[in-house]
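Take a look at the structure set out below.
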Amino acid sequence: MTFEFVEFTTDVKTYQVAGTIFRDNNVLGYHICNTGSTIVFINNFPLYPSGVLDTMLIGYKDKSKYNIRFDTSVVPVVNPEITVITFNKV
């Protein structure tokens with residue numbers, strides 16, 4: 001098995017409304033943290049408060065599109081927030 005070292009940079013962004021996580025051709029993967037107190041759905045996958053979704057895998061470049069939707073079944077929606085660390089190839 002051969003390993004290749006990949007140099008990367010990170011960007012951190014906070015999302016508080018439904019939408020799509022930014023991506024371009026340099027994105028290697030994401031580390032998505034639910035930093036709010038409401039359930040957030042990432043492509044219909046529930047991410048509970050303090051939950052983490054990590055898309056960084058060895059030998060894999062993430063080309064997925066991630067849609068964000070906050071759980072609105074609990075009224076009022078309290079503190080909807082996720083923090084996304086994006087790993088970009090240099």
Side-chain angles (χ1 to χ4, degrees):
M1 182 179 284
T2 339
F3 291 100
E4 175 186 347
F5 289 102
V6 176
E7 190 175 347
F8 61 88
T9 61
T10 58
D11 294 319
V12 179
K13 185 169 183 184
T14 300
Y15 295 85
Q16 295 177 324
V17 294
T20 303
I21 294 175
F22 172 79
R23 77 158 283 93
D24 65 18
N25 288 333
N26 293 327
V27 172
L28 295 171
Y30 301 95
H31 189 77
I32 304 168
C33 308
N34 186 349
T35 51
S37 53
T38 277
I39 298 171
V40 62
F41 294 91
I42 309 293
N43 291 355
N44 293 324
F45 173 80
L47 191 60
Y48 292 90
S50 301
V52 173
L53 175 63
D54 193 3
T55 70
M56 290 288 293
L57 298 172
I58 294 174
Y60 173 73
K61 182 174 180 181
D62 189 355
K63 292 193 172 205
S64 302
K65 179 178 176 184
Y66 293 98
N67 295 306
I68 306 165
R69 180 175 55 87
F70 293 97
D71 185 6
T72 55
S73 65
V74 179
V75 177
V77 176
V78 179
N79 192 21
E81 179 180 276
I82 63 169
T83 300
V84 179
I85 302 170
T86 306
F87 296 89
N88 299 301
K89 189 172 184 176
V90 175

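The structure displayed is predicted, hence computed values, not measured ones.
- For the residue pair Arg23 and Ser64, the shortest heavy atom distance occurs at CD-O, 3.4 Å.
- Of all heavy-atom pairs spanning Glu81 and Thr35, the tightest one is OE2-OG1, 3.0 Å.
- Of the inter-residue distances, the one linking Asn79 atom CG with Asn34 atom CG reads 8.5 Å to the nearest 0.5 angstrom.
- For the pairing with His31, the side chain to side chain contact (heavy atoms under 4.5 Å, CB included) check across Leu53, Ile85, Val84 returns one residue only, Ile85.
- Between the Asn26 side chain and the Asn88 main chain, no donor and acceptor come within less than 3.5 Å of each other.
- Considering all non-hydrogen atoms of both residues, Phe70 and Tyr15 come closest at CZ-O, 3.9 Å.
- Tyr30 approaches Asp54 most closely through the heavy-atom pair O-OD1, 3.1 Å.
- For Asp24, the CG atom counts as densely surrounded, since its 6.0 Å shell holds more than 12 non-hydrogen atoms of other residues, nucleotides or ligands.
- At distances below 3.5 Å, not a single donor-acceptor pair connects side-chain atoms of Thr55 with backbone N or O atoms of Gly29.
- Rounded to the nearest 0.5 angstrom, Asp71 CG and Leu47 CG are separated by 12.0 Å.
- Hydrophobic clustering, with ILVMFWY side chains joined whenever heavy atoms are under 4.5 angstrom apart, keeps Ile39 apart from Ile68.
- For the pair Ser37 and Pro49, the tightest heavy-atom approach, listed with the atom from each and the gap, is C-CG, 3.7 Å.
- Side-chain contact check for Ile42 versus Ile82: some heavy-atom pair is nearer than 4.5 Å.
- No donor-acceptor distance shorter than 3.5 angstrom exists from the side chain of Asn43 to the backbone of Phe45, with no hydrogens or angles considered.
- In this structure, Phe22 is not a member of the same hydrophobic cluster as Phe41, with clusters built from ILVMFWY side-chain heavy atoms closer than 4.5 Å.
- Atom CZ of residue Arg69 and atom OG1 of residue Thr20 lie 13.0 Å apart, to the nearest 0.5 angstrom.
- A side-chain donor-acceptor contact under 3.5 Å links Thr38 to the backbone of Val78.
- Closest heavy-atom contact between Val52 and Cys33: CG2-SG, 4.2 Å.
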